[in-house]
Structure formats: C-alpha cells, structure tokens
*Asks:* 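Have a look at this one before I ask anything.
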Amino acid sequence: MKNRFNNLTSKEWLPFQKSWFRFKDTTDLLIQNILFFTQIREDEAYYPNIITQNSKETLQKLQSDKALAGRRILPFEQQAAFKRIDFAVFDLLEAVHALQSFSDFEILLTDLARKIHQIADKLVDRKFILILAQNKVIDGVFYPFAWLIGKYFQQILSLKDEKIGVNLGLPENTANIQLNGLTTEENLVYALYFRKDEMASLNFKDAIIPEFKNKIQLKTNLRFQSVFPSYQIVKPPRRKKNEILHPAKYPEVLIESFIEHFTKPGENVFDPMSGTGSTQLAALTLGRNAYGSELSPFFSDIARERCSLLLSSPDFPARPKVEFRLKTKDAREITAYDFPPLHYIITSPPYWDMLNMKGAENQAKRRKQGLQTNYSDSGRDLGNIADYQAFLQELTDIYLQLYDLLLPGRYLTIIVKNIKKKGRNFPLAWDLSLALSKKFILCPESFWFQDDLRIAPYGYGNTWVSNTFHHYCLTFQKPA
Ligand SMILES: C[S@@+](CC[C@H](N)C(=O)[O-])C[C@H]1O[C@@H](n2cnc3c(N)ncnc32)[C@H](O)[C@@H]1O
C-alpha cells in the first residue's frame with residue numbers, strides 16, 4: 001500500500017502509534033514527530049515547510065539534523081516567509097512550567113490562539129498542529145493546563161489525538177510535586193494533535209477558555225509513606241475463565257497499588273460499578289473491607305463468586321476480620337444507608353458506549369469466541385447511552401452523589417479513557433475532571449499504561465490514528 005502521509009516504512013510507522021512513550025530529549029521527540037507528520041515527494045519536488053516554536057538551541061538542532069534533510073524549518077517569528085505550512089509545532093513545556101497563576105495561563109493561551117490564527121490559512125488542509133504541554137501545580141493547586149489547552153483549541157481545530165510522554169531526561173534533583181503530604185512525580189508531557197479539516201471555519205473569536213474551579217488547596221490528614229507514581233505499566237496475569245466473560249475488567253495489581261496508598265488496613269473501600277469485583281478482590285487481599293454495587297446480576301454473581309473463593313481459600317492470610325458486601329444495584333440509587341462511611345472509592349465506568357461500536361477489533365475477536373461484547377442491553381446501563389453529553393451528565397451525577405458517602409479528606413479514583421469515536425475525540429477524562437472539580441479537589445493525574453497489546457496499523461499510509469494504550473487514573477479528594 002502506498003504511503004501518502006509520510007516517508008516512513010510500515011515498520012517505522014507502527015511504534016509511533018502507541019499512545020504513550022518515554023523520552024529523554026525534546027529534540028528527539030520533535031524529530032520523530034516531524035518525520036511522522038511530513039512527507040517529501042521527490043517526484044513532485046514537494047518539500048514540506050514546518051513552523052516551530054521552541055528554544056533557539058532546539059531550533060538549530062532541528063535545522064541541522066540530517067534525518068530532517070529536505071524539510072524547511074523556521075521559527076514562528078519567520079512564518080511570513082512560508083506561503084504554505086505542512087506542520088506546526090508549539091512546544092509550551094517551558095512556558096507552562098514558568099506559569100505562576102491562572103491569569104498567566106490565560107495570557108499564554110490567548111497568545112497561542114493569536115499565533116495559530118496567523119498561520120491557520122497557510123496550513124494545508126488535513127495537516128497537523130502539535131502542541132506540547134503539561135499540567136502543573138501552583139501554590140498547592142493542581143491546574144490541568146494541558147487539558148484546558150486541548151479543550152480550548154478543540155473549539156477551533158479538530159483534536160485528533162493525544163500521546164502521553166514520560167520525561168526521563170529531567171535532572172536528578174527535579175522536585176516532586178508536594179501537596180500537603182501527597183507527593184507525585186512531575187514528569188508527564190502531553191502531545192496534543194490537532195488537524196485542520198477541509199472547510200474548517202477556524203473561528204477564533206468565539207472560543208472560550210474552559211471553566212476550571214479547582215482553586216482549593218489540597219489538604220490531607222493522611223501521611224503518605226511514598227511518592228505516588230505518575231504512571232504504572234501493569235502486566236496482568238492471564239484472565240481466568242469467568243473473568244474473560246466481562247469485556248473490560250481492570251487488573252487487581254493496579255488497584256492494589258492505589259488502595260495501599262490511599263487507605264489503611266481495616267478501612268472501607270467501595271466501587272459503584274464493580275463488574276467482576278476486581279476492586280473488592282484487591283481490597284480484601286490487602287485486609288480492607290470491600291463494598292460495591294453493580295447493575296448486572298450476571299457480573300455481580302461473578303464478583304461474589306470470586307470474592308467468596310478468596311475469603312474461603314486456605315491461603316487467605318489471617319488478618320483482622322474483613323467485611324465484603326456487594327449489591328446488585330443501579331449506581332444512581334445508592335444512598336448513605338446502603339454502606340458504611342467510605343474511606344476510599346476506586347472505580348471504572350463504562351467508557352461511554354464504546355462497547356456497542358461494532359467495528360472495534362477487540363469486539364470482533366470476542367464475537368468470534370462467542371463472548372459477550374457489551375455489559376448488558378439494559379436501558380439503565382450507562383454503556384448504552386448513545387448521547388455523549390447525556391452520558392457525561394449521568395456519570396457526573398453518580399460521582400457527585402457518592403460525595404456524601406465518602407469521608408471528608410478522603411479520595412476517589414476513577415479509571416477512564418478519552419474516547420475516539422468516528423474520527424472525533426471526546427475527552428471524557430478531561431470533561432469528567434472539570435465537572436467533578438466543582439465539588440471535589442482534582443489531584444495530579446497518574447496513568448495506567450498498557451504494554452502487552454498488539455499495535456494495530458490504523459490509518460497506515462493515510463492519516464494519524466494512535467492505539468490508545470493509556471488510561472487516566474483520575475484522583476479527587478473530598479475537602480477535609
Ligand atoms: C468498566 S466496567 C467495570 C469493570 C470492573 N472494574 C472490573 O474490573 O471487573 C463498568 C461496569 O459498570 C457497570 N454498569 C453500567 N451501568 C451501571 C449502573 N447504572 N449502575 C451500576 N453499574 C453499572 C457495567 O455492568 C460494568 O460491569
């Protein structure tokens with residue numbers, strides 16, 4: 001198949017499609033991106049023009065890099081020299097790092113909008129803009145600047161994709177983020193990919209800066225022993241027979257790391273959408289009480305079966321008596337009478353109605369094996385709500401209702417993905433965070449990276465589509 005998108009071979013194309021990566025040097029990262037997003041066509045004497053905004057030193061390295069020969073690279077200030085632009089890169093990492101307030105951020109965003117506006121007409125249709133950004137803590141408040149940038153420009157350009165980078169090149173003495181006892185690493189970078197669609201109206205005037213209410217400082221009574229990792233790569237063991245019956249369970253080892261961090265033995269852990277009971281299994285294994293609800297009687301039976309097996313196992317270590325209770329119930333109907341006060345909630349919702357998408361490769365495989373491809377056909381199942389805004393609202397309402405069951409100062413973790421559907425990006429993780437931060441305090445993000453899946457050559461030779469192998473682990477605190 002002829003590659004009409006770049007000059008890479010299929011072997012070189014594939015690794016770029018993984019949605020997370022580790023890097024040591026921003027220049028290398030930019031080189032990889034320029035190679036992916038531009039194409040030299042010798043036969044037509046077509047040589048791509050690239051605009052970049054980054055340090056002078058990086059620019060010089062890019063301009064003299066042999067791998068990029070045949071591409072013309074200019075800094076944004078010289079954009080007037082180009083009649084057409086094939087790729088634009090705005091590296092905001094240093095600028096975001098230097099921000100001291102939300103109003104600084106608004107200035108940065110407006111300035112970036114002005115720059116993109118200036119080059120928008122020259123950007124060839126269906127070509128991309130890459131923005132590198134990060135989130136940041138200022139004065140004890142976590143600001144998801146990268147997500148706000150994504151949401152802002154999504155109003156003007158088409159947000160096609162995101163990749164999450166882990167910067168391994170930070171100096172040894174780079175401080176971790178300190179939030180009143182909760183310490184996390186500050187090494188995550190977002191590569192946000194926007195595309196100029198044909199006939200895009202590029203109306204910058206009406207774009208509004210998304211609202212962000214998380215202005216309260218995080219206070220905690222818990223004294224955490226360790227730094228919470230910004231990402232985890234978990235290789236779960238092969239799923240057992242009854243676990244495969246569920247289309248989307250998460251690995252217990254991942255959940256154990258959260259439970260261990262956010263609770264003490266004997267405390268109460270809860271999951272409103274328990275599926276096969278992975279949360280409860282992890283909690284019981286660690287000597288915590290395990291509570292939950294699940295809409296589907298089929299899955300709640302599996303969850304009960306798995307937990308009873310663990311509790312009755314001769315290997316189950318002697319620990320103070322732990323309690324386990326799981327209700328087959330719609331999460332919308334949970335009240336404070338159903339469960340004791342909760343020390344921690346960890347959960348993962350249906351990723352919108354993605355399981356109803358017939359085309360997904362995984363779905364086809366499951367169908368072939370005679371396995372269930374969605375959770376249920378129930379109208380109460382959140383995974384069957386077709387409208388994104390309606391789904392988001394219902395989900396938000398459920399978590400806000402759980403606020404009352406959670407003890408003050410305690411945490412809620414939601415594992416979720418941003419969703420790509422029919423070529424559009426629905427940033428569920430970001431939207432949920434912004435909606436919940438009206439009541440909860442949003443904490444620094446962490447990720448679950450999958451590294452055991454085969455990369456599919458989506459879009460090969462035509463356009464850019466990643467394989468989403470990262471899940472957001474969004475943590476919120478109920479104010480103390
Ligand atoms: C991503 S799965 C959770 C998987 C679980 N963490 C595990 O490891 O097995 C989401 C679950 O939400 C359940 N669900 C959907 N709508 C629900 C509702 N209204 N109330 C409670 N559970 C619901 C689905 O049946 C599904 O099992």
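Counting convention: from 1, in listed order, for ligands and their atoms alike.
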*Asks:* With the threshold set at 4.0 Å, does a side-chain nitrogen-carboxylate oxygen contact exist between Asp338 and Lys329?
*Replies:*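 A salt bridge links Asp338 with Lys329.
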
*Asks:* Evaluating non-hydrogen atoms only, which member of Ser274, Gly292, Pro349 is closest to atom 5 (C) of ligand 1?
*Replies:*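 It is Ser274 whose heavy atom sits nearest to atom 5 (C) of ligand 1.
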
*Asks:* Find all atoms of ligand 1 within a distance of less than 4.0 Å from any non-hydrogen atom belonging to Asp381, and give their numbers and elements.
*Replies:*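 Numbered from 1, ligand 1 contributes 15 (C), 16 (N).
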
*Asks:* Hey, does Lys249 come in under 3.5 Å of ligand 1, counting only N/O atoms on both sides?
*Replies:*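 No; the residue has no nitrogen or oxygen that sits under 3.5 Å from a nitrogen or oxygen of the ligand.
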
*Asks:* N/O to N/O below 3.5 Å, does that happen between Leu295 and ligand 1?
*Replies:*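 Min N/O separation from ligand 1 is below 3.5 Å for Leu295.
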
*Asks:* Apply side chain to side chain donor-acceptor pair (under 3.5 Å) to Gln401 and list each qualifying residue two or more places apart in sequence or on a separate chain.
*Replies:*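 In terms of side chain to side chain donor-acceptor pair (under 3.5 Å), with neighbours along the sequence ignored, Gln401 is linked to no residue.
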
*Asks:* Polar contacts were defined as any N/O atom of the residue lying under 3.5 Å from an N/O atom of the ligand; does this apply to Ser296 and ligand 1?
*Replies:*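 No.
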
*Asks:* Considering only NZ, NE, NH1 and NH2 on the basic side and carboxylate oxygens on the acidic side, decide whether Lys163 and Asp161 come within less than 4.0 Å.
*Replies:*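 Not counted as a salt bridge, because no side-chain N and carboxylate O are separated by less than 4.0 Å.
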
*Asks:* Kindly write out the residues that satisfy side chain to side chain contact (heavy atoms under 4.5 Å, CB included) with Asn462, not counting sequence neighbours, or none if the list is empty.
*Replies:*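 Per chain and number, Asn462 pairs via side chain to side chain contact (heavy atoms under 4.5 Å, CB included) with Met1, Arg4.
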
*Asks:* Indicate yes or no: does an N/O atom of Ala331 lie under 3.5 Å from an N/O atom of ligand 1?
*Replies:*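 It does: an N or O of Ala331 is found under 3.5 Å from an N or O of ligand 1.
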
*Asks:* With nothing but distance in play, are any N or O atoms of Asp271 less than 3.5 Å from an N or O of ligand 1?
*Replies:*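 Asp271 vs ligand 1: no N/O contact under 3.5 Å.
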
*Asks:* Return the option from Pro251, Ser293, Gly275, Ser348 holding the heavy atom at the smallest distance from atom 10 (C) of ligand 1.
*Replies:*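 The nearest heavy atom belongs to Ser348.
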
